[in-house]
Every structure is written in C-alpha cells, then in structure tokens.
Amino acid sequence: MNGDESHARNLIEQACSAWRQRDRDGSIQDHPAWHDLSAAQRVEVFDATVALRRIEAALDPWGLSSTGRAVMARIMQ
Amino acid sequence: MTDHDLHLERIAAGDPRAFAAWVAAAEPRVRLSLSSFAARVDTEVVVQETLLRIWQVAPRFAPDGRPDGLIRLAVRIARNLAVTEVRRRRPELVDDAMLDEHAAAPVPPVDPPDGALRAAVERCLEALPTKPRQAIQARIAGAVERDRVLAENIGMKLNTFVQNVRRARLALTACLRKHGFPLGVVR
C-alpha cells in the first residue's frame, strides 16, 4: 500500500465518525476529511457508516448509535 | 410492525426519552434514504440536522393517519436538505429530473437491533486484538468527540488510532457476517 492509499484510508475512517464541528451560529459542518475524498471513497464512507451505526446501536441500552447520541447531546445542551 | 408515531405526543411535550426511542428507530431509515446522495453530500451532517429539525417541528406535526408519519416527514426533510446542498455546491451538475428521482426513491425498511445482534457484536468485539478493540470502543463511546481527543485519551497518536479503528471495523463486520449479520448496504 502506498502513502496516498494509506492517507485515503485514514480519511475514510475519520469521516465515518459522528463528530461534526459546529460554526458560531450552531450550523453543523461537513467533516473536513470528507472533502478530500473521491466520489467512490465517499460512497465507501456511507456504506461503512451504515454498518458501524448498526453495531453502535446494538451495544447501546437505548438502541442509539453515535449519531443518535450526538443528536441527543445537542438537544440536552 | 410498530408505528413509531406512538412516541409523538411525548416528543411534542418535550420528553427527551421519547425522542431518543424515536431516534433509535428513525435514524437508520433516514440514513438509508440518502444512499443515492452519498457521493455528493456528507450524509452524516444531513442525518443529524434532520433529527434536530424533527425535535423542533414535532409539536406542530399533524399525523395523516398512516403509520410512521414522523419518520416519513424526516425522510422528506433529509432528502430536501440533501438536494439543497447539491444545488448549492454544484448547480451546473444538477438535473432537476435526476434530483426528483433521488427524492422520490423508496426507503427500505430496517430491522431493529435485537438481542442476537448485540450478543454477536459483543462476541466479535471480544475476539479483537487489544489495540483495535480499545480504539473502536473509544470511538463508539465518544460520539461527540473528535478523533484527536479520543486518541489522546487512550494514549495513541491520531494516525495509529484511526488505523486501529479501521482494523477493528473491518474485523467486526467480517465476524458479524460469519455470525449471520451482513450489515452492508444493498445497492
């Protein structure tokens, strides 16, 4: 695997996270890593995220994925 | 099949526990409804924004008598947000007929998580080597933290953390497939 492939794999993995930054007015921002990916790699992020969120939800007592917990954290602020 | 509008009254009254129960059911369907936008829009942003908007509009929502009205509304909001985002970014590439087709695509049903999946996930997690297991558990527990912070918390460099998350994710999905839980997207 060359350096570019390894870098792309790291970006894909980061973009699968539910963490997203918010700007000053509270608007949620795209993951910075997502913008550096090709169309095919973005689809890979989507597919991996679908599987990850099911795994996360299966482990959570409320059935919430990391996305669900991020949203709940936001409304409880 | 459960009608998740059963939570509506309590959600409209501002009950976060009712909303959490609805989010658990709605989120996978909202996400899958965005499958055709995956290459053009950061769908995680759209899913989170949609769920937050539902929390805001629920008190004004009037059910139409058909099941899962609030989930159907969420899917409409999500697709509209995605279309708006595509138009904003690359208007020269947008064909209205194509976007209408994306917006009207059917939403596949999603099986709710069950005890068997949970048990399989726990078994597969146990089978992971230590570092990948630490990394994926930190990522799962730290929904609202950026990876750099999660990595620091468990004493890993960011690159090492991300590589361990990837190793864990691939091993977990392969293990779950072997246990009869293929979690991938059907295209």
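A quick note: this is a predicted structure, and the numbers were derived from the prediction, not measured. Chain naming here is simple, since letters A, B, ... match the order of the sequence lines and numbering starts at 1 in each.
Contact detail for B:Pro16 and A:Met76: the closest heavy-atom pair is CB-SD, 3.7 Å. Nearest heavy-atom pair, A:Gly63 versus B:Ala24, reported as atom, atom and distance to 0.1 Å: O-CB, 3.3 Å. Between A:Gly68 and B:Val23, the shortest heavy-atom distance links the atoms CA-CG1, 3.8 Å. The minimum heavy-atom distance linking B:Val144 with A:Ala73 is given by the pair CG1-CB, 4.0 Å. For the pair A:Cys16 and B:Arg139, the tightest heavy-atom approach, listed with the atom from each and the gap, is C-NH1, 4.2 Å. A:Arg42 and B:Ala38 get closest at one heavy-atom pair: CB-O, 3.5 Å.
By the neighbour-count criterion of 12 heavy atoms within 6.0 Å, atom CD of A:Gln29 is densely surrounded, having more than that number from other residues, nucleotides or ligands. Heavy atoms from other residues, nucleotides or ligands lying under 6.0 Å from CZ of A:Arg22 number more than 12.
The closest donor-acceptor contact from the side chain of A:Asp30 to the backbone of B:Asp42 lies at 3.5 Å or more, if one exists at all. The closest donor-acceptor contact from the side chain of A:Arg20 to the backbone of B:Val45 lies at 3.5 Å or more, if one exists at all. In this structure, the side chain of A:Arg69 engages the main chain of B:Ile140 through a donor-acceptor pair within 3.5 Å.
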Step-by-step side chain to side chain contact (heavy atoms under 4.5 Å, CB included) determination, A:Arg9 to B:Arg166: CA-CA 8 Å; A:Arg9 287 183 177 189; B:Arg166 181 178 182 86; 3.6 Å; yes

Using the side-chain hydrogen bond (donor to acceptor under 3.5 Å, both in side chains) rule, take B:Arg146 and A:Ser17 through it: C-alpha gap first, then chi angles, then the decisive distance, then the call. CA-CA 8 Å; B:Arg146 63 178 74 203; A:Ser17 162; over 6 Å; no

Does the pair B:Glu49 and A:Arg74 meet the rule for a salt bridge (charged side-chain N to carboxylate O under 4.0 Å, His left out), with working shown? CA-CA 10 Å; B:Glu49 183 61 32; A:Arg74 184 77 188 160; over 6 Å; no

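Heavy atoms of A:Gln41 lying under 4.5 Å from chain B are absent altogether. In this structure, chain A has a heavy atom under 4.5 Å from the side chain of B:Glu27, while its backbone stays farther away. Only the side chain of B:Leu125 comes within contact range of chain A, judged by heavy atoms closer than 4.5 Å. With a threshold of 4.5 angstrom between heavy atoms, B:Val46 does not approach chain A through any atom at all. Heavy-atom distances place no part of A:Ala40 under 4.5 Å from chain B, backbone and side chain included. Contacts of A:Ala70 with chain B are made by both backbone and side-chain atoms, with heavy-atom separations under 4.5 Å. Using a 4.5 Å cut-off between heavy atoms, A:His35 touches chain B through its side chain atoms alone. No part of B:Ala26 comes within reach of chain A, as not one of its non-hydrogen atoms sits under 4.5 angstrom from that chain. For a residue to count as touching a neighbouring chain, one of its non-hydrogen atoms must lie under 4.5 Å from one of that chain's; by this rule A:Trp62 touches chain B with backbone and side chain alike. For B:Leu176, the part lying near chain A is the side chain, with the backbone staying farther off; criterion is any non-hydrogen pair under 4.5 Å. Heavy atoms closer than 4.5 Å to chain B are found in the side chain of A:Leu52, but not in its backbone.
The choice from A:Ser65, A:Ala15, A:Ser27, A:Ser38 that makes the most heavy-atom pairs within less than 4.5 Å of chain B is A:Ser65. Chain A forms the most heavy-atom pairs under 4.5 Å with one residue out of B:Leu52, B:Asp147, B:Leu51, and that residue is B:Leu52. In terms of heavy-atom pairs under 4.5 Å with chain A, the best-connected choice from B:Arg17, B:Arg118, B:Glu44 is B:Glu44. When A:Ile12, A:Ile75, A:Ile55, A:Leu37 are compared by the number of non-hydrogen pairs under 4.5 Å with chain B, A:Ile75 comes out ahead. For chain A, the option among B:Val47, B:Leu170, B:Thr173, B:Asn159 with the highest count of heavy-atom pairs below 4.5 Å is B:Asn159.
Checking B:Gln48 against A:Thr67 by side-chain atom types alone, no donor-acceptor pair falls below 3.5 Å.
Side-chain contact between A:Val50 and B:Leu183 is absent, with no heavy-atom pair separated by less than 4.5 Å. Between B:Arg31 and A:Phe46, some side-chain heavy-atom pair lies under the 4.5 Å cut-off. No side-chain heavy atom of B:Arg167 sits less than 4.5 Å from a side-chain heavy atom of A:Glu13. Between A:Met72 and B:Phe19, the closest side-chain pair of non-hydrogen atoms falls below 4.5 Å.
Under the 4.5 Å side-chain heavy-atom criterion for ILVMFWY residues, a single connected hydrophobic cluster contains both B:Val30 and B:Phe61. Linking ILVMFWY side-chain heavy atoms closer than 4.5 Å, directly or via other members, places A:Val71 and B:Ile11 in a single hydrophobic cluster. Put simply, A:Val45 and A:Leu11 are part of the same group of oily side chains (I, L, V, M, F, W, Y) that touch within less than 4.5 Å, one to the next. Each of B:Leu158 and A:Trp19 belongs to its own hydrophobic cluster when Ile, Leu, Val, Met, Phe, Trp and Tyr are linked at side-chain heavy-atom distances under 4.5 angstrom.
Taken to the nearest 0.5 Å, the CG atom of A:Asp47 stands 7.0 Å off from the OG atom of B:Ser35. In this structure, CG on A:Asn10 lies 5.0 Å from CD on B:Gln163, to the nearest 0.5 angstrom.
Salt bridge absent: B:Arg169 and A:Glu56 never bring a charged side-chain N and a carboxylate O closer than 4.0 Å.
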